[in-house]
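Everything numeric in this text was worked out from a predicted model, so none of it was measured.
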Amino acid sequence: MLLSDRNTRGSLSWWSADGRQIPAECGALAWLGDEVACDGTTELKIRDYATGATESLPRRENRAWAAAFSPTQVLAHEKDADGRYVLHLLGRANEPRKDVPVTGAGALGSYAVLASDARGALVEYWGAGPEGKHRHGLVDYAAATLKELPEVPGGGATYNHVGLGWKWIAMARSNEAVMVSRTDPAVVRTVAIGAYPERVLAVGDWLIADTGDRDAPVVTAYPLDGSAPRPVLDRLDGQLVLGADGGAYGLSTVKGSTRWAVNRISADAQGAPRVQEALAVPARPADRRSIAIAQGDLSALHVDNTEFVLGYRTSVTGPPSITEAPVWRCERSTSDPLCSEAAGRFGGNAATGDGRIVGMSADPAGCSTPCSVTVHVRDARTGGAQRTVKLPGALRNPRIVSSSGRHLLVGAETDGVPRQLVLDIDAGKVLDIKPAPAAGLWGSLLWQPEGDKGVVAATDLRTGQVVRRVDLGSACRPYELQANGDWFYSTCAADGAGAAAFHVPTRQRVPLPFVAERPLGQVRLGDGYVVQDNAGLNIYNVRSGQAVKEHQVQQYVAGYGLDWSVDRFGGRLAHLDQGETIHVVGVTGAASPLAVIDQNVPGTFDAKKADSRQARWWLSKPAASWRLMARNKASGITTVVRSGGEARGAIDLVWDGKDQAGRAVMNGAYEWTLLAVPADGQGAPLKTTGSVTLTGAKLPAGRGRP
């Protein structure tokens, strides 16, 4: 039997009685039982996966295939002289009727096949002419007729989901379904569902509805006589498929266990629904969504019977690799109900590069209308702390644009006008800065266009002052702008024209061989490479000064950037394949040198006050080791304050007035120096300096206070 399953995210796979799974070989035009129809340029190819037999129907002049076929015929259409559609049934190899017009509705203004089985097809159509009415009808293959179905009660003709059962046609909208008899369309029943259904199908005199409600059985049977509904399945993945025996088949968990199986829903001798396991299938991994990666630390949202976030560690030097087992786990539960919000699917998610992941939630959910938005920030470790930041006002279509350390850039609409917000997630507040529609975030710098000639300026978010300017060489005002260390990505127009990368040290502008079509987020900038999402991932390495397509990932899961992520900090690309396996891809050439991109170092350390002893440096990529030294400006003596091994994202320390060996040092003025070795071995070691005054330190025995 052919089913869509979650490992291929809606793609078709054929499941055999002995447990074999064979992915369908094409993007199927239509499918029926064990057969799949593939539309080629010159023929329609039908393959029977149970027998291995194939059949080809040559394309006929002025005929186009519709998305439905039977064991003996294929539904098709022609256009008449006025551009109207006339339906036809074209005979397959063993059918003597090779071309039969479908009667009953005349020429159609347009139509679409909503569901089909071996006996007929449910179509939505619009009548010809300016007053063409919106209708639904049932094509009867045997009679070659189109029977009009009753209109939606209350007016209109729009249904959200439909299902073609053996006895009844189910057509659902909102929280009710209209049931129409297949033998007599004048016989109609209305069934209250109580929740918005994702899938519907009639079995016997019962409506089977998948409501997707996490707090109740997902699949429920509703009787047409109005009596009490009955739970059927705990969970369903993919479609409900009508079998030749009149039963409904679906891939789901077995009630009361974690096993997966193809289950059959049918009516027993008394007409009541019953569930039987039709085919056991191999263990299924949880759905993976919302990948985020930074500094080689990767998180992924898993959805099974509950939601949880798993963290993995990838290599930062040598061939790309990823730990097989997660290094931390965060499960949505009563004790941690918001665990998955930081890796949620709404509005995208991000890794900050200092060990935190960020996501958003909205009230009301979905935010297609103005809503209240909350940003969730989580320390990506088991038991890690979480904080929230409420965004001001009522927003629409919010999304995470970029994240870097303690700063987050969020885009949204207010009263139809695009806007962006900058958050300091350490302080838990929105900064009093109004970014331009095109802005790039890197560490403590917010880059924005300045004028219309390709110049961008950096505002230091710590001071609010413009501290640097760069001419991108485009002679246009950037319409989209991304920043990543010494690299920029920009376009010149709303249609994505003029896409180019720019390298500041060499002042090279590298044109990219594509038009960056909207929506924004389909192109992302890494350290010397650009990833374009265009029915697959195209990875262009620009480190040489030319755009070279180094990788092309065809088998990935589309999801508006939620199933692939660029590690901006030294980086690599992480993505899911159709089997929901995580892959990490690198690019060749020299990476940028290790640098400090933000810092929070107090001017005075008071060894007696805990809140003044914290220092933090955010790094552009992982360091293999680091060392902090302090030179007393009066005595010239240099002390090793602290040292450490690998640091991914940030170097944090608390200076309590003692050196590495635990010995107290003199109060006074110091020049500190931070040294760090890049983990990838590329570029010179990092060296950065600053001044600090130490007070309140305990002095060694026998020494007086200054």
Side-chain angles (χ1 to χ4, degrees), residues 397 399-404 407 409-414 416-422 433-461 464-534 537-549 560-561 566 568 592 597:
N397 299 324
R399 62 187 179 89
I400 295 175
V401 177
S402 183
S403 62
S404 185
H407 296 116
L409 185 62
V410 174
E413 295 177 9
T414 302
V417 178
R419 62 181 296 201
Q420 299 204 82
L421 304 170
V422 180
I433 294 176
K434 297 180 180 179
L441 178 65
W442 182 250
S444 63
L445 301 181
L446 180 69
W447 290 91
Q448 303 177 82
E450 187 176 73
D452 299 324
K453 303 300 181 182
V455 174
V456 292
T459 298
D460 190 330
L461 295 174
Q465 301 298 311
V466 174
V467 294
R468 192 178 175 193
R469 291 177 174 84
V470 171
D471 186 345
L472 301 181
S474 62
C476 71
R477 182 180 180 86
Y479 191 86
E480 182 181 1
L481 181 66
Q482 297 181 42
N484 191 317
D486 290 329
W487 289 96
F488 289 89
Y489 164 79
S490 65
T491 61
C492 285
D495 62 1
F502 184 82
H503 190 225
V504 177
T506 61
R507 301 199 58 78
Q508 283 187 304
R509 183 175 181 271
V510 185
L512 294 163
F514 57 78
V515 174
E517 298 178 356
R518 296 175 72 85
L520 301 179
Q522 290 185 323
V523 177
R524 294 187 187 176
L525 174 67
D527 178 22
Y529 67 97
V530 175
V531 183
Q532 179 205 20
D533 179 356
N534 182 21
L537 301 179
N538 299 311
I539 305 171
Y540 295 94
N541 188 335
V542 294
R543 290 174 173 175
S544 67
Q546 301 290 326
V548 178
K549 185 185 286 188
Y560 189 55
V566 166
R568 304 175 66 210
S592 298
I597 61 175

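Scanning all heavy atoms of the two residues, the minimum distance from F488 to A483 falls at CE2-CB, 3.8 Å. Listed here is the closest heavy atom pair of V530 and A501: CG2-CB, 4.5 Å. Pairing each heavy atom of S404 with each of L441, the nearest pair is N-CD2, 4.0 Å. Between P435 and L409, the closest heavy-atom pair is CG-CD1, 4.2 Å. Taking each heavy atom of A438 and P478 in turn, the nearest pair found is CB-O, 3.6 Å.
Annotation: the span from K549 atom NZ to N541 atom CG amounts to 13.5 Å, rounded to 0.5 Å. Note that the CD1 atom of I597 and the CH2 atom of W442 stand 4.5 Å from one another [nearest 0.5 Å].
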Worksheet item: Could you go step by step and tell me if Q482 and W487 meet the side-chain contact (heavy atoms from CB on, under 4.5 Å) rule?
Response: CA-CA 8 Å; Q482 297 181 42; W487 289 96; over 6 Å; no

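Pairs of residues two or more places apart, or lying in two chains, that qualify as side-chain hydrogen bond (donor to acceptor under 3.5 Å, both in side chains) and include a residue from residues 447-460 are E450-R469, D460-R462.
Remark: the backbone N or O of D527 is paired with a side-chain donor or acceptor of R543 at under 3.5 angstrom. Within the 3.5 Å criterion, the main-chain N or O of E480 finds a donor-acceptor partner in the side chain of T491.
Looking at residues two or more places apart in sequence or on another chain, you find no side chain to side chain donor-acceptor pair (under 3.5 Å) involving S544.
Contact check for V566 versus L525: no side-chain heavy atoms found under the 4.5 Å cut-off. In this structure the side chain of V467 reaches within 4.5 angstrom of the side chain of L445, judged on heavy atoms.
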Can you give me every donor-acceptor pair (side chain of residues 503-514, partner residue at least two apart or in another chain, under 3.5 Å) with its distance?
{"residue": "H503", "atom": "ND1", "partner": "T506", "partner atom": "OG1", "Å": "2.9"}
{"residue": "R507", "atom": "NH2", "partner": "D471", "partner atom": "O", "Å": "3.4"}

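Evaluated for a side-chain hydrogen bond (donor to acceptor under 3.5 Å, both in side chains) with S402, the options Q420, H407, R568 yield exactly one hit, R568.
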